[in-house]
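A short write-up of the structure that comes next.
Residue numbers start from 1 in every chain, and the chains themselves are labelled A, B, ... in the order their sequence lines are given, proteins ahead of strands. A quick note: this is a predicted structure, and the numbers were derived from the prediction, not measured.
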Amino acid sequence: MAWETVIGLEVHVQLSTRSKLFSGSSTIFGAEPNTQASLYDLALPGTLPVLNGEALRMAVKFGLAIGAEIGKTSVFDRKNYFYPDLPKGYQTSQLNHPTVGRGSLTITLEDGSTKTIGITRAHMEEDAGKSLHEAFPNDTGIDLNRAGTPLLEIVSEPEIRSAREAVAYLKKLHSLILYLGISDGDMSQGSMRCDANVSVRRLGETTFGTRAEIKNINSFRFVEKAILVEAQRQIDLIEDGGKVVQETRLYDAEKNQTRSMRSKEVANDYRYFPEPDLLPVVIDDAFIASVRDTLPELPDVKSQRFQQQYGLSHYDAQVLAADRDTARFFEEVAAKSGDAKLSANWVMVDLQAVLNRQELSIAHSPVAADDLAGLIKRIKDGTISSKIAKAVFEAMVAGEGSADAIIESKGLRQVSDSGAIETMIDAIMGANPRQVEQYRSGQEKVFTFFVGQVMKESRGKANPAQVNELLTRKLKG
Amino acid sequence: MADLLDQGIASLAKSLARKEISSVELTKTYLSRIAAHNPGLNAYVTVTAEQALAQAATADAARARGTAGPWAGVPFAHKDIFCTQGVRTACGSRMLDNFIAPYDATVVERMRDAGLVMLGKTNMDEFAMGSSNETSWYGPVRNPWNTDLVPGGSSGGSAAAVAAHLCPAATATDTGGSIRQPASFCGLTGIKPTYGRVSRWGMIAFASSLDQAGVLTRSAEDAAILLQTMAGFDPRDSTSVDLPVPDYLAGLGQSLRGLRIGVPKQHFAQGLNPEVERLIRSALAEFERQGATLKEVSLDNSHLSVAAYYVIAPAEASANLSRYDGVRYGYRCDKPADLEDLYKRSRAEGFGAEVKRRIMVGTYALSAGFYDAYYIKAQKIRRLIKNDFDRAFSEVDVIMGPTSPHTAFALGSKSKDKDPVAMYLEDIYTIAVNLAGLPGLSIPAGLLNGLPVGLQIVGPNFAEDRLLNIAHQFQLATDWHTRTPGVAAASRGDR
């Protein structure tokens, strides 16, 4: 029996405003506990919220980037529940009138096909603080530095059909928010957090199965594993004659399983009602236009352009355009080297390998775009072969200087002087008469032996094309 | 000294300017009067003598240098709902009995910047929930006109303090009538401005969409002076309105000729004490004498206002009071067993019965399955009530009627019978004004069996200047606002 997994994702993105959603406190991560909590963040009596205009702009920017309806009138609501790190006893969020309405995101799957996932809405809300259990043996510490940090909760339609699609969706979202500059997207610091609604149904069924919500998954890898393991749990359950119950579950990465949260933790009536301390947020077309003006070229558009302008393949263009810094780096190398395809290869393969190995982002690349372009120019003009270029590149990574300097100091300039190569060939043929005879008697595979000898003699610097040409001519006699 | 104590802010400021008296002397006079009479009235919960004398000395020095503002050195009191840095701000609750505010409310800041001298903080119903000042953790306040009676609420401490001459004026707040009803019961001028006119920053929230700060004074002129000082846009309160504040004092000289006064028939119907009605009608006749015309208007939905209010206000309060959880400040129960116990006992022990009742009513009204039937319905009624006023103000300039259906009632008479609705009906004429967000004012309009009766004047949005002028013209022609329980009456509070 074939099964289909139905997934909807709720992604919380921490907006990278300097101050909090409703107070002037800083949002910088990692400060001493409670040093970034103002009167309002502490929920002192008599304090009131004032909306951070920058957070609103960022939310609208996201909405425009996913082609969403922008709520001309958005309303904040109070979501009521008691928790020690929720100082006011309610979270200020948006229920019925979010800032961002319906939009969509197109993802590219591994086979190169694309799929458009609907986004139901994206609403603004404040984050809670943190409860600290480790430092206090019998008590719980409360750190309110994070309380009030602006979040954008992005809710997808249940249109995702596999764990891989879910990951592709998240990666696309991640790429987009970095492009827009509205979040640092750092999952390890909780700047992007994901809840997954997962249900299963038999292939061909049109109604949804009962879903379970998996809370707070904090890496792309765990999202994939959590969805896979939860879907399998539900399938096994149903095949054994059981029923899925609607509940909230937690993913345990160590055991690679999901487990039910106690119903007490989730059985909450949030008693939403409009936040009376804030007026409805009314924005006009001029405001929306002013935000639209700040939109950068987005990944899909950029990828299209890379294909047209540089003749890159769809795949290469997608990979390069997915990350804003990588795209920028590539374009700089391409412009300075004058060879877009070589530039694409070097950025995607060789440079990426070094970055992965050294765990660096491209912004901290050990080889500057300018220098990489310098290397590519030397490949293009035949000064060095592609093979020698790899060695030059490693030296550049090690900080030994520019491509030209390394080629000079190590004497790696390619030998393209046909006289010098001919002399070498003559000497080698003279020293290996048996192999010459073999070649001439039809054993053409011995040709590679001669190529190897010439490269060895020239210490790899002989221009391979010339070596091929001259050897063929001379061997054939 | 009796003379001095009868003086309002305008006249005290003149005496200070002429150096007939210093602010320190004036402050000492009031402090000693508070020491003598407050124990019987319980109007103040905190007296800030040391700070007051320091502020007074500063004001005197500024006067000597010629740098003082016009009202510098005049003493007054703050309702204990306004956060005052370094001074306990308890809001009438055991929950905040240990709460020393670490910051000043905008109202407090503005009064201090004007050089006014804070004598102390006044008693109030717990979290401003009450109409008799009997729900305070600090005990009931007594009415200086007759200490067996309530002063009204929730600003009962401010009203009693002004009426008993324990200060010339006091700040107050009004969510459903908490300025106007005590003004009526204590023979004072009390104004609740338009919602958004005065910043709520630092004013402890009861019902955010209804709460508004104002003043209790002994004349419209004094109310104009203090409101001028308090009012205006505050970027810290998103609901405060960015409109210029007119010069209230300069606007007090307008004739009332041609003024169109609306008389809502619903406010002169069953339930109104006929003697109160007689006094209100004779006040209206005074306005006619001054050239105003009367026109009956109808506020069709006014009978729904109390019901709508007692859904909306508790709903907002239920969320506003969630922060009092024993975690960060305020009352915390002894030795909590776990988190649940901490919440339950801190709140059960920290809040009084009326506050708990309203939290439960509000929580119920917002809960799943009831939200549409209560909260949404109440909001619709609120809109209808606002429409009633809008319609009326297309025909008249102001609306007048009784502030309360009767005079001050006996302590315990409405709180002990365990019928909270009887107390809720106290605000029957005032509540609709809050629901509509309009400015309302109460002035003394006569005495019934030796007790004050208040006339309510309601205007369109931001017509505070009009209300103050009308009240002032009335006070130029009558002397009800000068009637006081007097020193003798206040001393009855000594027992």
Can you tell me if [X] has over 12 outside heavy atoms packed within less than 6.0 Å of its [atom1]?
X       : atom1 : result
F233(B) : CZ    : yes
K386(B) : NZ    : yes
R146(A) : CZ    : yes
K377(B) : NZ    : no

Is it the backbone or the side chain of [X] that comes under 4.5 Å from a heavy atom of chain A, or both, or neither?
X       : answer
A207(B) : neither
L96(B)  : side chain
F82(B)  : neither
T363(B) : both
F206(B) : neither
A105(B) : neither
I204(B) : both
N320(B) : both

| request: Give a yes-or-no answer on whether the side chains of R328(B) and N34(A) include a donor-acceptor pair shorter than 3.5 Å. | output: no

Can you tell me how far apart [atom1] ([X]) and [atom2] ([Y]) are? Round to the nearest 0.5 Å.
X       : Y       : atom1 : atom2 : value
D237(B) : T47(A)  : CG    : OG1   : 11.5 Å
S322(B) : R271(A) : OG    : CZ    : 6.5 Å
L366(B) : Y270(A) : CG    : OH    : 15.5 Å
S208(B) : D277(A) : OG    : CG    : 4.0 Å
D269(A) : F370(B) : CG    : CZ    : 10.0 Å
R200(B) : L48(A)  : CZ    : CG    : 5.0 Å

Shortest non-hydrogen separation from [X] to [Y] and the atoms involved:
X       : Y       : value
R78(A)  : E316(B) : NH1-O, 3.9 Å
D325(B) : P87(A)  : OD2-O, 4.5 Å
S238(B) : L279(A) : O-CD1, 3.5 Å
L278(A) : T239(B) : N-CG2, 4.5 Å
L39(A)  : P102(B) : CD2-CG, 4.1 Å

| remark: Per-residue tally against chain A (heavy atom, under 4.5 Å) across W201(B), Y371(B), Y324(B) peaks at W201(B)

| request: Could you tell me which of G202(B), S209(B), A365(B) has the largest number of non-hydrogen atom pairs under 4.5 Å with chain A? | output: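 With the most close heavy-atom pairs to chain A, the winner is G202(B).
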
Would a 4.5 Å heavy-atom cut-off, applied to side chains only, mark [X] and [Y] as touching?
X       : Y       : answer
E340(B) : F82(A)  : no
L44(A)  : R323(B) : no
P45(A)  : T89(B)  : no

| query | Under 30°, 30 to 60°, or over 60°: which ring-plane class applies to Y375(B) and F273(A), parallel, tilted or perpendicular? | reply | perpendicular

| request: Answer with side chain, backbone, both or neither: which region of Y272(A) has an atom nearer than 4.5 Å to a non-hydrogen atom of chain B? | output: backbone

